[in-house]
Number of protein chains: 2
Amino acid sequence: MRQVAKRVTSADVAQEAGVSRTTVSFVLNNRPGHAIPEETRQRVLEAARRLRYRPHASARALAAGHSDIVLLALPDMPIGAGISRFSEELATALAERGLTLVAHFAGADDQSLQDVCAAVDASAVVGLGAFEPATVQALHSAGVKVVIPSDGNAPSMRHVGRLQAEHLIERGHRHLGYAMPTHPSHLPMARHRLQGATDVCAAASLEPPVVIDVELEIAAAEQAVRQWTSRSVTGVCSFNDETALAVLAGAREAGVAVPRDLAVVGADDIPTAALSLPALTTVSFDLREAGRQRAEAVASALAGRAPTSDAAPVGPELIVRASG
Amino acid sequence: MRQVAKRVTSADVAQEAGVSRTTVSFVLNNRPGHAIPEETRQRVLEAARRLRYRPHASARALAAGHSDIVLLALPDMPIGAGISRFSEELATALAERGLTLVAHFAGADDQSLQDVCAAVDASAVVGLGAFEPATVQALHSAGVKVVIPSDGNAPSMRHVGRLQAEHLIERGHRHLGYAMPTHPSHLPMARHRLQGATDVCAAASLEPPVVIDVELEIAAAEQAVRQWTSRSVTGVCSFNDETALAVLAGAREAGVAVPRDLAVVGADDIPTAALSLPALTTVSFDLREAGRQRAEAVASALAGRAPTSDAAPVGPELIVRASG
DNA sequence: TTGAAAGCGCTAACAA
DNA sequence: TTGTTAGCGCTTTCAA
């Protein structure tokens, strides 16, 4: 005695509306060229509504040769409000274009990403950071048509690092440090941000930042701070706010006064950044706009169009609180 | 000049191995009953490997009548490390059973959830909190076979609140406060946790906790702290660590010493909890085990089996640092 | 032990 | 303007 919830098929709709399945398909997908009289259209639409018809995604994908699934590859650790907003916006903008977004929490390995792509028959993958070339290759061979790393806006990523460094340099710091995250999935993005900071130093004829890996743990952060101060670093750009909070804690532990003896700048403006003492100066990026842009990029690429002129990307914004 | 990356089909594999497509299908899915000689099996397997064959998910779903996609419905706001680990574990355990997990950031509306289910042809949906009965209904009519809310472990949620309150009471606190989150998507879970704390108070013949909504913002938190102290509250259970960090900041601002004048207990043990001053006492729940259990539940339900005996749920664990 | 053949529900030439 | 028809790649019954 199984649930025999007989599926409503397009044939049912066709019959109900007294037309052929072809007509149903054309109406429901507004295929142009096939000028269908309004009267018929309405009849089909109404039949579909009455029957609560939902096209079968798998069947459609099989026949059409492509799905309308877009996969968001998320780095496997902490998803802040920023990313949530990004994906929300991305999902909405994609939906307007008939595409559906689902997310995958990428493990360190590419394998799972490939598998998931194959399993959902994804047409496109949007990444939050960069992708290794090999990964892109693998994705394509897993049937993915379009891969959009979000370092398509690497400039914006670098810009985060740049803003951090500029902020410090403007305040007179001549020896900068950079706090790198230890989590592998953050590394590609971190490198971009670091690059931005490094560029700024070069432009100002300063040494590149002293790069130290900082775990989210007080003792480790304390060591990092001691190293920086012993190398006369007075200002630290941190990959993100969590890392920055660790640096803050490390400084406290090492007896280094922030911002007097060591200035710290974070990134991403997580909610708790404003709660620390001293409150964290941070650089934040409007991911919403980025979400919309990615959606457009995906849609264009899938349609074979050249990506439409990238609407002027909204740059990151510096949020100065007390500690920087 | 489009990429003509001709798909490798099971027919190709069949030809390469010199067998029929039926045989290929049987081998690749280890269909029992069809005792296939080891020699043939190997031949097929190797041909598949050589050709890098990947079954086409949509075609398979269409033919089989169901996909192997499980959708994780995430509340729309902040995804901490806990949830990441949960979904990681869930994904792994599902994969072992041939199922694939993807996530959806649910907006407030059920509509998008339904749409996504239909779009990926999901067989099952796992929720993080509870589902309204109407939602469950809607999901079923969107073709979802199995819906697993995770408030199946409401007891564990309540247990979080219980541990927090017990910890405070053991330390002599007689007037407790409870810091509620303001984000709507946290509310259902927060109510469960609060209930646990309330139960403990009742059992100890104490007044129920003084409940105050705390935004992640210093001024608001300061107000909350003042209210608590003015009502002689000396210990506060916070919905989660972020809220607790806000309370900590509010106390600092209000000139209330933690933990001397006000003890604070958080929940979830986010990485930055250990970085605050004073370090946050927190109650953390092993979501990994929960992930494995959900996977088993999904697999059982999809197979039409009764869920196997729920392996004894691993309870939350109290992590005492300094501030509680 | 293996293969032939009939669909699954949909799209899209091509006819009418 | 609408319908006929042939698949998309896979599973699975039934026959060999």
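Just so it is clear: chains get the letters A, B, ... in the order the sequence lines come, proteins before strands, and each one is counted from 1.
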Taking NZ, NE, NH1 and NH2 as the nitrogens, is one of them in B:Arg43 or B:Glu39 under 4.0 Å from a carboxylate oxygen of the other? yes

Starting at the 5' end of DNA chain D, which residue's closest nucleotide do you reach first, B:Arg54 or A:Gly18? A:Gly18

Starting at [atom1] of [X] and ending at [atom2] of [N], how long is that distance when rounded to a whole Å?
| X | N | atom1 | atom2 | answer |
| --- | --- | --- | --- | --- |
| B:Glu39 | C:dT2 | CD | C1' | 13 Å |
| A:Asn29 | D:dT2 | CG | P | 16 Å |
| B:Asp12 | D:dC8 | CG | P | 12 Å |
| A:Arg43 | D:dG3 | CZ | C1' | 14 Å |
| B:Leu28 | D:dG9 | CG | C1' | 13 Å |
| B:His56 | D:dG7 | NE2 | P | 18 Å |
| B:Tyr53 | D:dT11 | OH | C1' | 11 Å |

At under 4.0 Å, does any side-chain N or O of [X] touch on OP1 or OP2 of [N]?
| X | N | value |
| --- | --- | --- |
| A:Arg60 | C:dT11 | yes |
| B:Thr23 | C:dG3 | yes |
| B:Thr40 | C:dT2 | yes |
| A:Thr9 | C:dC8 | no |
| B:Ser25 | D:dT11 | yes |

Near B:Glu38 CD, under 6.0 Å, is it more than 12 heavy atoms from other residues, nucleotides or ligands? yes

Is the number of heavy atoms from other residues, nucleotides or ligands within 6.0 Å of CD (A:Gln15) greater than 12? no

Return whichever of A:His66 or A:Ser58 has its heavy-atom-nearest nucleotide of DNA chain C closer to the 5' end. A:Ser58

Between B:Ser20 and B:Ala59, which is nearer to the 5' end of DNA chain C once each is assigned its nearest nucleotide? B:Ser20

Between B:Ser123 and B:Val70, is there a side-chain heavy-atom distance shorter than 4.5 Å? no

May I have the step-by-step check of side chain to side chain donor-acceptor pair (under 3.5 Å) for B:His104 and B:Ser112, ending in yes or no? CA-CA 9 Å; B:His104 167 67; B:Ser112 71; 3.3 Å; yes

Between [options], which one does the side chain of [X] approach most closely?
| X | options | value |
| --- | --- | --- |
| A:Thr22 | D:dT2, C:dA13, D:dG9 | C:dA13 |
| B:Phe26 | D:dG3, D:dT12, C:dT11 | D:dT12 |
| A:Val19 | D:dG3, C:dG9, D:dT2 | D:dG3 |

